[in-house]
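Report on one structure; see the data block that follows.
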Amino acid sequence: MAEAADFQGTSPSPARRWLRRTTALLAGAPLLAGLLQLPAAGSAHAAGQAAAKADSDSGAVAVAIDSLSPAAPTDGDTVTVSGTVTNQGKQTVTDAHVGLRVGPPLTTRSAIDTVARNSDDIQGSIGSQIDDKYVEKFSELTPGVAEHFNISVPVDELDLGQDGVYQLSVALSGETSAQPWEQLLGIQRTFLPWQPDAAGSKTRTTFLWPLVSTTHMAAETGPNEQQTPVFLNDDLAKEISPGGRLNQMVTLGKDLDVTWVIDPDLLASVDAMTRSYQVRDGDRTTNGTHQAVAKRWLADLQDAVADKEVVALPFADPDLASLAHNGTDVTGSLSQLKDATDVVANTVEPILHVKPSTDFAWPVDGAVDRSIVKVATSAGADKVIARSDSLRETSGLPYTPSAARPIGGGTTAVVADARLSTAFEGDLTKASASTLSVQRFLAQSLALGLQTGKERSVVVAPQRMPSGSQARAMAEALTALQGGTWSESQKLTAAAAAKPDPDATTKVPGTSSYPSSLRKQELPRSAFQQVAETQYKLDNFKVVLSDPSRVVTPFGRALNRGMSTSWRGRATEAGSFRDGVESYLDGLTSRVRLIDKSETKLSGRSATIPVTVQNNLVQDVGPLVLRLTSTNPTRLEIGGAAYQEQPVSVSGGHSQSVKFTTSANANGRATVIAQLYTMDGRKYGAPVTFDVKVTEITATVMLVIGGGVLLLVLAGFRMYTQRKRAAAREAEQGDPAADEAADGSENREDHDERLGQKSEAHARADGPEQPSDPTADTAAEDTDPSGTGERVDR
C-alpha cells in the first residue's frame, strides 16, 4: 500500500527503500521461524506415535483366562473369570487394572472363527467395559512377573440381550514411563454362550468317545501251553495306570452321555495283561508285573459302558485310506481287512459283556473319497464316519445340515461337524488354552443351534487318541453342553438313521481331493506287500502243524497291527514292527528243517541213504512230503527213478530219519537234493544238497568172492561122496543097522549118524596115525537106536 501511494513516475529514496525492507524482514521472521519448526514438530509427533505403537505391540501385557464359570450361564448366575496378567515388556506398567468388556452378539459361525484367530489383538473391536466396580487393580506390573486376577460379575450386569454368542474380553489398561497416559496394553477374547431358556427344538448331539491306542503286542508268544504273550514295551501299563491317558478317558467318560468307539486290539492287549505276560527289554524279555492294574482298568471300563452305546472298529483300527490308495492292488490286502472285522465279535463282547455295533467305518480325520468309501464298505460296514471339511456342502445352505447323508449303494455317510470335532486339538496342558477351547466349542454349538428352527442331528468326532489334557477339556465342555439348554444327547446309530436333509450334499469327492498332508502320512505300498509276503509264509507254515491255532491267531493279529492307523507319521517304527513279525515267523519255520549231510559213498550198485528231518517246535508237524532227487539219474537213481517221495511226520522236539533206496548205474559222483514239501505241493524250508560217490567194484574182489563159493561147493561134494562110500561098505558087511534101515524099523537120523561115526572110525583105522590126532576123551557111543522123541543135534 505504501508503494501504491507513491507518486507515479518518481522512485523512492534510498532511505525509504531500506526502511521498508527492514520492516518486512522483522515482520516475517516469526512466520519463518514457525514454518521452520513445523516439520520438526511433525516428525517428533510421528515418532512418538510410532514408538507408542511399537511399545504397545511388542511390549504388551499377556492376558490369560484360566477359568470361566459357569461356561454357559443362565439367569441369576454370577460369572467368575480368573487368570493371570504378565508384563512382557521392558518397562514397568503402573496404574493398571483388569476389566471385562462385552461385545455385540456374533451372528455366524465364521464370525466366531475370526474372533478366535485374533483373540489377543488389541487393535480389534473389544466392546465397552462394564461397571468400574468389577475390575481388579494393580499399582504396578513388573516385567516378567505374572499377577493373578479374579473378577465376579452378576450376569445381569453384563447387559446380555437376545440369545446368542457374545464376545467376552478381559482387558488390561495402564501406563508406562514412555507413555504416561492410560491405554490398552493387553487383551484376551473368549466367548460367552447365552440362552437362558430351553430351546424350542434342541440340537441332538452325538459325541464319540474314542478308546484307541498304538500297537503294544508282538507276534511272539511263549512255548508253554498258555502261550505267554510278549509286549513290545511297558507303555500300555502307563496309559491304563491312575493318571494315565486311557485311565483318564475311562474315568471321565463314565459320567458322560457319549458313544464309545473302541479298538478291539486295545481290549485284547489289556486282557492279556491280566494274566502272565512278558515285556521285551532289548534282546531279552522280563516278566510283566501290572496284572492288577489291567484288571482294575477293565473292571472300570465294563462299568462305564454298561448302559452306553459301543461301536467297535476293525481289529487294530486298519488305515482305510492307506489301504484304498496303496494296497488294493496287492493280493490279500482286502482279506486282511475282512479278517480284522470278523475277529471283533470274539473280542469285544467276551471282555466288555456288551454287544458292539460293527457296521461303522472311521477313516482318518473323517477324510473320504470314493476309493476310501469302497474299501470301507468291502468288509461289511454300511456307514462311514466322514467330516464336513471333506464332504463339503455345495448347495449354499445357510445352516449346517444333519449328519446323515445317503451316498449310494446302500451306504450312509455320517458327517461329523469339523468345527466341533477339531475344537480340542493342540496343546491344552495350560489352563488358559483349555478354557478357550471349551468356550469356543460351546459357542459353535449354540451358534449352530440358532441357525434355523429345524431339528438336526450333529456328530462330533474328535481326534482318535486325545491326550489327558485334551480329554479333560472335552469332558468339561460336554458337561456344560449336556447341562445346557440348547442340546440333547443322541446315540450314533440314531444319528445315522435320522432323516437326511434333502438339500445336503451327497456327492463323495474324487481321489484327487484327498488332503496332501494326510497322504504324506499314509502307509506305502511296500507295507502291504510285506504283509502279503508274511501271510504267504504263514499259510505255508500252518498246514504242517498239528495245532495251527498256536501260530495262526498271534500272527494273524500281528498282521492286522501292521496295517494300523496308529503308524501314521511313524514310518520307521512301522517298518521295524513288520520286519520283526516276518523275522520271527521265519525263525519258527526254520525250526522244522532237514539236517545237513556230507558226501555219501556207495561201495556197491545199490544202497540205502537216510535223510533226517528235525522238529524243534513244541508241537508235532506233518504230514510233510520229503523228496529226494538225483540231478544225474543216468548215474544214480532214487527208488528206480529220478526222484522218490515219502511222507514224514515228526513229534515235537524230535528228529525222524527217512530211508531212500538208491541204485548206481555207473561209477562216479552224483549230486542229490533233499526238499520238504507241504501236502499241497508247496516247498517248505530250504533244500539240502549233498554228493553221492559210487566206488568201482574190482575184479580181485569178485575172484575172492567166487573162490570162496567154489570151495564151499567142493567141500560139500566131498562130504557127500564119503558118506555114500561108508554106507556101501556097511551094507556089504551085513550091518544090522543097515538091515533095520532097509526094513524101515530104525530111526533114519540115528542110523545116518552111526554110519557117519563108523565110516570115520574105519577111515582112521585104515589110514596111518598122525601125531596131531587127539586122544578120545569120551566113552564109545552107544550103537543102540535112540529113544522115541529124543532130539539129535547136528
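- Gln530 and Arg578 form a side-chain donor-acceptor contact under 3.5 Å, judged by distance and modelled atom types alone.
- A donor-acceptor contact shorter than 3.5 Å links the side chain of Gln619 to the backbone of Ser546.
- Side-chain N or O atoms of Asp369 include one that pairs as donor or acceptor with a backbone N or O of Ile372 at under 3.5 Å.
- Remark: side-chain polar atoms of Gln482 are not paired, donor with acceptor, to backbone N or O of Ala477 under 3.5 angstrom.
- Salt-bridge annotation for Arg568 and Asp319: present, with a side-chain N of the basic residue lying under 4.0 Å from a carboxylate O of the acidic one.
- With hydrogens and angles left out, the side-chain atoms of Asp265 and His216 include no donor and acceptor closer than 3.5 Å.
- We find that Asp547 and Arg550 are not joined by a salt bridge, their nearest charged nitrogen and carboxylate oxygen being 4.0 Å or further apart.
- Residue Lys491 qualifies as open at atom NZ: its count of foreign heavy atoms under 6.0 Å is 12 or below.
- Without hydrogens or angle criteria, Trp297 side chain to Leu246 main chain gives a donor-acceptor distance under 3.5 Å.
- Electrostatic pairing of Lys254 and Asp303 does not count as a salt bridge here, judged by no charged N lying under 4.0 Å from a carboxylate O.
- Contact annotation: the side chain of Leu267 approaches that of Leu301 to within less than 4.5 Å [non-hydrogen atoms, C-beta and beyond].
- With respect to Arg296 and Asp300, a salt bridge is recorded, a charged nitrogen being found less than 4.0 Å from a carboxylate O.
- Looking at heavy atoms from C-beta onward, Gln226 lies out of side-chain contact with Arg275 at the 4.5 angstrom threshold.
- For the pair Phe528 and Met563, the minimum side-chain heavy-atom distance is below 4.5 Å.
- Looking only at side-chain heavy atoms (C-beta outward), Glu522 and Tyr514 come within less than 4.5 Å of each other.
- In summary, of the residues considered (Gln656, Arg591, His654, Arg593), a side chain to side chain donor-acceptor pair (under 3.5 Å) with Gln614 occurs for Arg593 alone.
- For Thr435 (side chain) and Asp66 (main-chain N/O), a donor-acceptor pair under 3.5 Å exists by modelled atom type.
- Side chains of Asn326 and Leu523 form no contact here, defined as non-hydrogen atoms less than 4.5 Å apart.
- For the residue pair Gln248/Arg472, the side-chain donor-acceptor check at 3.5 Å is satisfied.
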Side chain to side chain contact (heavy atoms under 4.5 Å, CB included) between Val648 and Val621: does it pass, once the steps are laid out? CA-CA 9 Å; Val648 58; Val621 297; over 6 Å; no

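- Around the CD atom of Glu225, the shell of radius 6.0 Å holds no more than 12 heavy atoms that belong to other residues, nucleotides or ligands.
- A cation-pi contact links Lys597 to Phe690, judged by a cut-off of 6.0 Å to the six-membered ring centre and 45° from its axis.
- Under a cutoff of 6.0 Å and an axis angle of 45°, Arg627 and Tyr677 form a cation-pi pair.
- A donor-acceptor contact shorter than 3.5 Å is absent between the side chain of Tyr684 and the backbone of Val625.
- Salt-bridge annotation for Arg464 and Asp317: present, with a side-chain N of the basic residue lying under 4.0 Å from a carboxylate O of the acidic one.
- At least one cation-pi condition fails for Arg561 and Phe577: the charged atom is not both under 6.0 angstrom from the six-membered ring centre and inside a 45 degree cone around its axis.
- Of the charged side-chain nitrogens involved, none lies within less than 4.0 Å of a carboxylate oxygen, so that Lys430 and Asp427 do not count as a salt-bridged pair.
- With hydrogens and angles ignored, the 3.5 Å screen pairs a side-chain donor or acceptor of Glu309 with a backbone N or O of Leu492.
- No donor-acceptor pair under 3.5 Å is formed between the side chain of Lys295 and the backbone N or O of Asp271.
- Neither side chain, Gln278 nor Thr286, offers a donor N or O lying under 3.5 Å from an acceptor on the other.
- Not a single donor-acceptor pair under 3.5 Å links the side chain of Thr274 to the backbone N or O of Gln291.
- A donor-acceptor contact closer than 3.5 angstrom is absent between the side chains of Glu425 and Gln470.
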Working for side chain to side chain contact (heavy atoms under 4.5 Å, CB included), residues Val270 and Ile240: CA-CA 9 Å; Val270 179; Ile240 64 175; 4.2 Å; yes

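- With Asn615 contributing its side chain and Val650 its backbone, the two residues share a donor-acceptor pair below 3.5 Å.
- For the residue pair Thr612 / Ser657, a side-chain donor-acceptor distance below 3.5 Å is found, with atom types taken as modelled.
- Side-chain contact check for Ile351 versus Leu298: some heavy-atom pair is nearer than 4.5 Å.
- Taking the ring centroids of Phe541 and Phe555, they lie at or beyond the 6.0 Å cut-off.
- Thr228 and Asn224 share a donor-acceptor pair across their side chains, judged by distance under 3.5 Å alone.
- Ionic pairing of Asp680 and Arg682 is present here: one or more N-O contacts between side-chain nitrogen and carboxylate oxygen are shorter than 4.0 angstrom.
- Counting heavy-atom neighbours within 6.0 Å of Lys238 NZ, excluding the residue itself, gives a total of 12 or less.
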